[in-house]
Amino acid sequence: MLNPWGLFLCQLAINTSYHVIKASLCLGGSDIFATVSENRPVGEFIANLSIVGDPTGINSIRLCLTGENANWFYLEGRTIRLNSSILRVLDRERQGSVLMAALTCYEDDIIQSEYRVMVEILNENDNKPRFLEKTIQPRYISELTAVNSVVFTVKAIDADGDTITYIIDRASPDASYFRIDLPNSGKVILDKPLDYETKTKLQLVIYAVETNTKEWYNTSASLIVNVEDGDDHYPQFLPCTPISQDHNHTVVCTNPIYVVNITEKDQDMLLNFSPGPIHAEDGDRSLDTPLLYSILSGADKNRFQIDNQTAEITMTKRVENRHMTPIFRLRIMASQLNDPKKYSVATALVRVLAENRFPPLFNRTTYKGFIIESSSPATLVSTYGNEVLFIQAIDQDFVDGVNPKMHYSLQPTRATTGLYHITEEGVIIAKTDRLRSFDRLILEVVAMDEESGEVAKASVDIELLQRSQPIPWTSFRDMDVRIAGGIMGGILLLLVTTLFLLIRWAKRRRRRQRQKPSGRGAVALGKHLKVIEDDLW
Ligand SMILES: *[C@@H]1O[C@H](CO)[C@@H](O)[C@H](O)[C@H]1NC(C)=O
Ligand SMILES: *[C@@H]1O[C@H](CO)[C@@H](O)[C@H](O)[C@H]1NC(C)=O
Ligand SMILES: *[C@@H]1O[C@H](CO)[C@@H](O)[C@H](O)[C@H]1NC(C)=O
Ligand SMILES: *[C@@H]1O[C@H](CO)[C@@H](O)[C@H](O)[C@H]1NC(C)=O
Ligand SMILES: *[C@@H]1O[C@H](CO)[C@@H](O)[C@H](O)[C@H]1NC(C)=O
Ligand SMILES: *[C@@H]1O[C@H](CO)[C@@H](O)[C@H](O)[C@H]1NC(C)=O
């Protein structure tokens with residue numbers, strides 16, 4: 001038992017705390033097992049020694065504390081106390097759970113006994129949970145993430161080792177998107193679908209709460225969840241016309257119809273569609289995947305070709321006969337390069353119009369004519385040259401100046417509405433039986449090229465001659481009277497129809513005498529149809 005080096009070791013140990021007590025005996029002691037709570041103040045009682053020797057006696061015994069944690073203790077008589085200070089607080093989380101030292105008792109500088117001192121540090125809840133920083137960093141999740149799947153896991157630790165429960169603060173802005181099924185796991189689950197197009201950033205507050213302590217300390221973390229665009233939208237031709245919004249505020253819209261007008265002479269040209277240019281966009285704004293364009297139908301044996309990247313449509317062959325193919329209906333497809341199953345189809349119309357370089361023109365600003373008062377329900381307005389008055393606009397796009405799509409109408413006025421009518425041939429019919437006596441009347445005639453929409457205007461100065469007045473003789477008047485007499489009892493409509501037929505006949509005769517009609521475009525082609533047809537004649 002006697003260790004000759006004991007004194008030497010005890011005295012040499014620099015950090016050793018020791019206390020010298022005069023005592024008669026070192027015997028009667030035992031190993032000391034005690035507990036102390038962390039965070040206790042200096043002088044906290046740890047244990048009484050059971051050594052027989054009287055610490056206040058004259059005969060000296062000497063007690064010496066050595067070992068790793070000896071400086072956490074000091075001796076006060078036969079009591080071991082805690083050596084802490086404001087700067088050195090006993091912290092179980094830092095120090096570990098046990099303090100160990102050895103107590104040696106010397107009598108006349110000879111070691112008489114040695115005891116172990118083991119002090120367990122009792123835990124106090126002196127720490128809050130703390131989130132691991134890397135588990136609460138901003139997150140990036142795809143909008144295609146399945147509902148009910150775990151989107152991320154948060155983790156908090158508590159230095160006191162307390163059990164932690166994770167709770168989503170339902171008051172945080174986007175709490176409704178998430179839930180936690182297993183409160184201790186920290187696994188955050190997606191509770192409803194994400195949509196990048198409506199919301200790209202979600203905010204969420206999560207609490208980590210101690211559940212096994214009376215303090216229920218908690219800590220919170222604010223998380224940012226960035227929604228990433230997934231490929232969930234189809235391409236869309238622009239401009240798109242919104243038709244509705246679904247409950248997620250996603251706009252549903254229809255593709256436009258692209259239209260272009262061309263003429264028979266156009267060829268090898270880039271078609272300039274309206275609304276234009278033809279363009280589609282990936283519905284997933286941020287992905288903006290490249291699209292590939294193609295003509296699904298209507299290409300007419302490569303007459304129309306599309307640039308698969310720019311959607312520019314070129315016409316490579318000219319349209320020979322616009323009457324055969326007045327319109328081409330192209331179905332244009334835009335599909336995602338990376339996923340051809342995602343596509344959209346729009347219609348492009350190519351209308352073949354007659355070439356139109358000249359507007360219609362009246363060769364006079366005012367035409368003059370007359371009618372004779374009669375009881376006839378319909379009379380044609382005549383010229384003073386004893387002919388039917390033809391008011392026709394000339395369209396120089398046509399060799400003979402006659403545009404078959406020319407439409408004539410009268411500018412309605414209160415005095416004339418219902419009393420006058422102009423035919424498609426430019427002949428004015430008056431309902432003579434309903435005319436009240438007057439001397440003169442000016443009518444406005446409007447000629448409109450129905451294909452181009454261009455108009456020309458002229459006035460017609462009509463004189464009403466009394467039956468008794470000396471009248472310029474016209475063969476047409478006689479004819480009118482005869483016709484009118486024949487169907488006096490019949491309905492007016494029938495009469496007018498008959499008149500039209502008659503006029504057409506008269507006009508055809510007139511034309512035949514002049515020349516054969518020829519199509520528009522002949523001028524542009526440089527071929528004089530008249531010549532060709534005359535040759536054939
Ligand atoms: C320790 O000893 C002191 C006197 O020496 C006594 O007052 C105290 O009650 C003792 N404590 C214990 C827990 O035995
Ligand atoms: C008490 O602790 C301090 C350090 O905070 C140390 O310097 C001192 O020696 C210790 N006292 C004893 C008696 O061990
Ligand atoms: C967190 O602690 C604060 C007080 O420290 C308390 O008001 C709040 O209700 C606690 N939150 C939760 C979720 O326990
Ligand atoms: C797009 O068109 C070019 C020629 O214009 C062709 O070389 C290329 O293969 C086409 N791309 C696809 C994906 O069809
Ligand atoms: C005006 O045009 C008509 C045909 O519409 C023609 O008969 C007439 O001679 C022309 N008059 C003049 C002055 O050019
Ligand atoms: C095509 O011509 C029609 C008239 O026939 C016109 O109403 C339309 O505005 C024209 N469209 C374009 C794109 O020029």
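The analysis underlying the following values was restricted to heavy atoms, covering all of them including side chains, and did not include hydrogens, waters or symmetry mates. As the structure lists them, so they are numbered: ligands from 1, and atoms in each ligand from 1. Values in this document were obtained by computation on a predicted structure and should not be read as measured data.
- Scanning both residues, Leu182 and Ser185, for their nearest heavy atoms gives O-OG, 2.8 Å.
- For atom 7 (O) of ligand 6, the closest non-hydrogen atom of the protein is Arg351 NH2, 4.7 Å.
- Protein heavy atoms are found inside the 4.0 Å sphere centred on atom 14 (O) of ligand 3.
- The Asn71 neighbourhood of ligand 2 comprises atoms 1 (C), 2 (O), 10 (C), 14 (O), with distances under 4.0 Å to a heavy atom of that residue.
- Residue Asn218 has at least one nitrogen or oxygen atom sitting less than 3.5 Å from a nitrogen or oxygen atom of ligand 3, judged on distance alone.
- Side-chain atoms of Ser344 and Asn255 include a donor-acceptor pair closer than 3.5 Å.
- A distance below 2.5 Å between sulfur gamma atoms is not met by Cys64 and Cys105.
- Looking at Leu353 against ligand 6, only its side chain comes within 4.0 Å, counting heavy atoms.
- Tyr106 and Thr104 are not linked by any side-chain donor-acceptor pair at a separation below 3.5 angstrom, with hydrogens and angles left out of the test.
- Checked by atom type, the side-chain pair Asn127/Asp158 shows no donor-acceptor distance below 3.5 Å.
- Looking from atom 11 (N) of ligand 6 to the surrounding protein, the closest heavy atom is Asn261 ND2, 2.9 Å.
- Each of the following atoms of ligand 2 lies closer than 4.0 Å to a heavy atom of Tyr74: 13 (C).
- Counting protein heavy atoms only, atom 4 (C) of ligand 6 is closest to Glu451 O, 2.9 Å.
- Between Tyr293 and His279 the shortest side-chain heavy-atom distance falls below 4.5 Å.
- Distances from atom 2 (O) of ligand 6 to the protein include at least one heavy-atom value under 4.0 Å.
- Taking any N or O of Asn83, backbone or side chain, at least one lies under 3.5 Å from an N or O belonging to ligand 2.
- Only the backbone of Phe73 comes within contact range of ligand 2, with a heavy atom under 4.0 Å; no side-chain atom does.
- When all heavy atoms of Ser294 and Ile306 are compared, the pair lying nearest together is CA-CG2, 3.7 Å.
- A salt bridge is absent between Glu38 and Arg40: the closest approach of a Lys/Arg side-chain nitrogen to an acidic carboxylate oxygen does not fall below 4.0 angstrom.
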